[in-house]
> 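Below you will find the structure I want to go over with you.
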Amino acid sequence: MDLNLLMRLFPTSDILTAPRIYFFANVVLFALLTCVLLYLLMQILPLSHSVAALLICFINIGFVIVFMGVCFPERVQVVWLSGYILGLFVLAHKAHKQKRSGLWALVCIVCGGASMFYKEPDCLFICGSLAMFIALRFYYGHKSRSKNKRITMPIIIVGLALGLIVCVFIGLYLWLVVPNIQKSYANFGLKNLQVAKDMLNAIAHHPFLFLFAPAVLAVRVQKVLQALKTNDTKALHTSYAFYDALLVAALAYGASFFVLMIFTPYYFFPCYVMALLPVAFYTKMYYVHLRKLFIIVVLAHILVNVPSALSRYTSIKLLPPHYLQATQFLADYTHANAGTNIVMLGQGSDPLGKAFCGYLEWFARYFGGKDFALATSPTLTAIDSLKSGDLLYLDSYTQAYITPQILARLSVDYEVIFSSGYVGFYDVGLKSLAKYLLLHYAPKYTKNLSSSNIFNAPLGVYIYRVR
């Protein structure tokens, strides 16, 4: 949606100006998210701890994919979610102390309503967190005999307004979306072994979400039960309803993707925004009970998620400039050598391969290339008919079918006329190290590896010419 808006606002921007506009908008969204989350964290933690919590969220493979990539609705979704959480926080903690509760109720309604239209499970989080917040606030207030147990009018208005928006969303979804669904994102057809593998992979990449956050919830439930038995009103303060509601709703949001058997890492990034505040709050409160697990989870995050995040950052941010140089080179070459055949070596004819082929052709023609033919080929055997002067194109997206035998033949029958490599981060994490050990000491278990580039080394762009 953000891309559609930018294209309408700047319809005449060229291929070189458009990225600058897009990335400027991206920086604005990132700044908004950072400011809101930092403000909320600093209400409960010192600055140094707040920054550390943000680093866990941002040095994260989900964040890198969402904010460094292009077509990811989660980018704007988390900004709206942060606005909703901010509005609800003020209404839960400070509304009785100021006269602007109506303004914060409006922030809650606008941000919460907008986020629902970016991702369907947001309905689960928004409605679940708000309903649970109202119920727990009333219940804690009743049990603790708090004077501040009543549900204020701004909170009631927020609940009614968001309930109406949910009804509108569901109606539009059933009317416009469901009849036109051709393919479901749900992966119900996966085999049990694949489901187990993908689930473990998701847990390994997100230990804070799927190991630490449930542990925080378990400790919190235990403390609430103890408080009910001993009539300890401290653990039942009405302000805690806000954190309890966010934590439960965030875990429900993440669990919804497990139910659908969707384990793509970036799908879980909104959970970090949802669960950040309650996890930070209760970690500070119950750190004695959570200390050992917290240290283990931090180490797991550093050893698994951080290497993957930095490696993905390399491929997303550093490859495009070299890709652009390669397309400009192809344009100049075909302009001077009419009738050139270009083959994207190692790229299949699947939909993704056709998309990359279309991008390459479009860019080459944009920069002045003419009178050339572009095709894809997984192996060298399919391109033996190429004549002298024709070209082979390779980049990090065309490496799935490349073998040592193909590389050996390239060095004999072809010459490199363009190369653009770059230095970047390798994915030297526990998962990659385990694959490396299996490949060298138990190769029979590595038959299904999608690539021999286990550590996701930066591959650059190469163009070969037939001798």
Side-chain angles (χ1 to χ4, degrees), residues 1-2 23 26-27 29-34 36-38 41 51-82 84-85 115 118-122 124-125 185 187 197-214 246-247 249-280 297-317 424-425 427 429-432 456:
M1 190 174 290
D2 51 328
F23 286 117
N26 212 15
V27 168
L29 292 174
F30 172 68
L32 287 172
L33 178 65
T34 303
V36 171
L37 294 183
L38 186 60
L41 286 169
V51 172
L54 281 183
L55 289 178
I56 291 172
C57 286
F58 294 160
I59 305 179
N60 181 308
I61 188 170
F63 170 81
V64 169
I65 294 174
V66 168
F67 268 86
M68 305 301 161
V70 179
C71 298
F72 295 96
E74 288 82 2
R75 178 171 49 249
V76 183
Q77 175 198 358
V78 294
V79 175
W80 287 122
L81 280 174
S82 66
Y84 163 77
I85 294 171
S115 70
Y118 275 87
K119 213 71 173 179
E120 297 93 328
D122 271 14
L124 178 66
F125 172 75
Y185 281 94
N187 294 318
K197 176 186 174 183
D198 290 345
M199 189 176 295
L200 289 174
N201 189 49
I203 294 172
H205 275 102
H206 303 292
F208 273 98
L209 292 180
F210 302 123
L211 293 178
F212 192 69
L246 285 187
L247 182 56
L251 290 175
Y253 180 96
S256 69
F257 292 109
F258 275 64
V259 172
L260 295 172
M261 298 185 185
I262 298 175
F263 306 104
T264 309
Y266 71 85
Y267 272 70
F268 300 105
F269 175 64
C271 291
Y272 284 85
V273 177
M274 299 169 182
L276 180 62
L277 207 59
V279 168
V297 167
V298 169
L299 290 175
H301 181 80
I302 292 173
L303 294 175
V304 178
N305 199 322
V306 171
S308 296
L310 296 177
S311 174
R312 185 61 67 92
Y313 175 85
T314 294
S315 63
I316 292 177
K317 294 297 290 183
F425 294 100
D427 185 2
L430 287 179
K431 181 180 174 183
S432 302
N456 291 323

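No experiment lies behind these values; they were computed from the predicted model shown.
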> At what distance, to the nearest 0.5 angstrom, does NZ of Lys119 lie from CG of Leu124?
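Lys119 atom NZ to Leu124 atom CG measures 14.0 Å (nearest 0.5 Å).
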> Please walk me through it: do Asn60 and His301 pass side-chain contact (heavy atoms from CB on, under 4.5 Å)?
CA-CA 8 Å; Asn60 181 308; His301 181 80; 4.1 Å; yes
> Can you confirm whether or not the ring centre of Phe257 sits under 6.0 Å from the ring centre of Tyr253?
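Ring centres of Tyr253 and Phe257 closer than 6.0 Å.
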> Of the non-hydrogen atoms in Leu41 and Ala280, which two are nearest, and what is the gap between them?
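The answer is CD2-CB, 3.9 Å.
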> Is there a donor-acceptor pair under 3.5 Å between the side chain of Ser82 and the backbone N or O of Val79?
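Answer holds: yes.
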> Side chains of Tyr266 and Val64, heavy atoms from C-beta outward: is any pair under 4.5 Å?
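When only atoms from C-beta onward are counted, Val64 and Tyr266 do not touch, as no gap falls below 4.5 Å.
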> For Cys271 and Ala250, which heavy atoms make the closest approach, and how far apart are they?
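Scanning both residues, the minimum pair turns out to be SG-O, 3.8 Å.
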> Answer yes or no: is there a side-chain heavy-atom contact under 4.5 Å between Pro270 and Leu81?
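Result yes, sub-4.5 Å side-chain heavy-atom pair found.
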> Might you point out which heavy atoms bring Pro73 and Tyr118 nearest each other, and give the distance in Å?
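Shortest heavy-atom contact: O-CD2, 3.5 Å.
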> Could you check Leu276, Leu277, Ile85 and say which one makes a side-chain contact (heavy atoms from CB on, under 4.5 Å) with Leu37?
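Single side-chain contact (heavy atoms from CB on, under 4.5 Å) partner of Leu37 among Leu276, Leu277, Ile85: Leu276.
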> Holding to ring-ring contact (aromatic ring centres under 6.0 Å, His included), I want the full list of residues that pass it with Phe58, two or more places apart in sequence or in another chain.
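Phe58 satisfies ring-ring contact (aromatic ring centres under 6.0 Å, His included) with Phe30, Phe63 only.
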> Any chance you could measure Asn201, atom CG, to Ser308, atom OG, to the nearest 0.5 Å?
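Here the interatomic distance stands at 8.0 Å.
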> Would Lys197 pass as a cation-pi partner of Phe263, given that its NZ or CZ must be under 6.0 Å from the six-membered ring centre and within 45 degrees of the axis?
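Verdict for Phe263: no cation-pi partner in Lys197.
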> For the residue pair Ala213 and Val279, what are the closest heavy atoms and their distance?
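Shortest heavy-atom separation between Ala213 and Val279 comes out as CB-CG2, 4.1 Å.
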> What is the distance from atom OG1 of Thr264 to atom CZ of Phe269, rounded to the nearest 0.5 Å?
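The CZ atom of Phe269 is 15.5 Å from OG1 of Thr264, to the nearest 0.5 Å.
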> Mind checking whether Leu33 and Phe67 have side chains closer than 4.5 Å, heavy atoms only?
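Heavy-atom side-chain distance check passes, below 4.5 Å.
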> If I take atom CZ from residue Phe210 and atom CZ from residue Phe258, how far apart are they, to the nearest 0.5 angstrom?
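Separation between the atoms: 4.0 Å.
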> For Arg75 and Asn26: C-alpha separation, side-chain torsions, deciding distance, then whether side-chain contact (heavy atoms from CB on, under 4.5 Å) applies.
CA-CA 8 Å; Arg75 178 171 49 249; Asn26 212 15; 2.6 Å; yes
> Please name the residue in the list Asn305, Val66, Leu310 that meets the side-chain contact (heavy atoms from CB on, under 4.5 Å) test with Ile61.
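Exactly one pass, corresponding to Asn305.
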> When rounded to the nearest 0.5 angstrom, what distance separates CD1 in Ile65 from CZ in Arg312?
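So the gap between those two atoms works out to 4.0 Å.
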> Considering residues at least two apart in sequence or located in another chain, which fulfil the ring-ring contact (aromatic ring centres under 6.0 Å, His included) criterion with His206?
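Here the qualifying residues are Phe268, Tyr272.
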